[in-house]
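What follows is a set of notes on a single structure, which appears directly below.
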Amino acid sequence: GQNIDQPTEMTATEGAIVQINCTYQTSGFNGLFWYQQHAGEAPTFLSYNVLDGLEEKGRFSSFLSRSKGYSYLLLKELQMKDSASYLCAYITGGGNKLTFGTGTQLKVEL
Amino acid sequence: NAGVMQNPRHLVRRRGQEARLRCSPMKGHSHVYWYRQLPEEGLKFMVYLQKENIIDESGMPKERFSAEFPKEGPSILRIQQVVRGDSAAYFCASSPGPRYEQYFGPGTRLTVT
């Protein structure tokens, strides 16, 4: 069954901040990725957390708590072009395959 | 530095035909991954390859599907005797090694009629 979970949809206002949560359960955890995917396009790499804490990269930040099996992606100063699906994925063991959640469809409104 | 390249971008096949999907990894990347995305579903891992070796094929259907990454040339995902349920977007990703970020190609959208 699905052992990585994220909300299906979120709506936010242009210029605002939004936090997209992701919870997971797995053994041999080796890192958590976030990708952005616009409709009909390839996933684009956003962030990779291996250790606990916050990683900041411009308007995007990602947080990881390994003990809680929890991550979030924080998007600041939202723009219309941020409307997309945001995918979280974990990597395990030998670090070969990504296990993806079903994605959070973010809609940014005026 | 060119990104991951996939071709064709769109492929239409009739039931029973064969589909061949190609992937050229980013320059300097020797690890290739194939994922499938069914409509309204998440990306699912299929297979992980290095040059001339299949490392992990735990996500590959047992029949009709095969993958290779020869010493020269692109990685190939081959689907024999396609069925309507094979209609999906097939994405290839590459990385310089395990536990590095994976970069995705634009995908091949397969439609089986």
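Predicted model only: the values in this text are computed from it and were never measured. Chain naming here is simple, since letters A, B, ... match the order of the sequence lines and numbering starts at 1 in each. Both backbone and side-chain heavy atoms feed into the values below; hydrogens, waters and symmetry mates do not.
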*Inspect the surroundings of CZ in A:Arg59 and state if more than 12 heavy atoms from other residues, nucleotides or ligands are less than 6.0 Å away.*
yes
_Check this for me: B:Met5, atom CE, are more than 12 non-hydrogen atoms of other residues, nucleotides or ligands nearer than 6.0 Å?_
no
_Rounded to the nearest 0.5 Å, what separates atom NZ in B:Lys44 from atom OG1 in A:Thr102?_
8.0 Å
*Minimum heavy-atom distance A:Ala42-B:Gly105, with the two atoms named*: CB-O, 2.8 Å
*Taking all non-hydrogen atoms of both residues into account, name the closest pair between A:Pro43 and B:Phe104 and its distance.*
O-CB, 3.6 Å
*Nearest 0.5 Å, what's the OG1-CG distance between A:Thr99 and B:Leu43?*
11.0 Å
*Which bit of A:Leu87 comes within less than 4.5 Å of chain B, counting heavy atoms only: side chain, backbone, both or neither?*
side chain
*More than 12 foreign heavy atoms under 6.0 Å from CD of B:Glu18: is that the case here?*
yes
*Contact part of B:Gln6 toward chain A, heavy-atom cut-off under 4.5 Å: side chain, backbone, both or neither?*
neither
*Would you find more than 12 non-hydrogen atoms of other residues, nucleotides or ligands less than 6.0 Å from B:Lys51 atom NZ?*
yes
*Any chance the rings of A:Phe100 and B:Tyr35 have centres within less than 6.0 Å?*
yes
_Can you tell me which of B:His31, B:Glu41, B:Arg109 forms the most heavy-atom pairs within a distance under 4.5 Å of chain A?_
B:Arg109
*Crowded around B:Gln81 CD? As in, over 12 foreign heavy atoms under 6.0 Å?*
no
*Common cluster, B:Phe45/B:Phe65, ILVMFWY with side-chain heavy-atom separation under 4.5 Å*: no
*Assert yes or no for the condition that the ring centre distance of A:Tyr48 to B:Tyr100 is strictly below 6.0 Å.*
no
_Shortest non-hydrogen contact from B:Glu101 toward A:Tyr35_ = C-OH, 4.5 Å
*So which heavy atom on B:Ser58 is nearest to which on A:Lys97, and how close?*
OG-NZ, 3.1 Å
*Please name the pair of heavy atoms, one in A:Glu41 and one in B:Phe91, separated by the smallest distance, quoted to 0.1 Å.*
O-CZ, 3.7 Å
_Over 12 foreign heavy atoms within 6.0 Å of CD, B:Gln80_ = yes
*asked:* Is there a side-chain contact between B:Gln102 and A:Ile91 in this structure, where contact means two heavy atoms from C-beta onward sitting under 4.5 Å apart?
replied: yes
*Segment of B:Ser95 engaging chain A (4.5 angstrom heavy-atom cut-off)*: neither
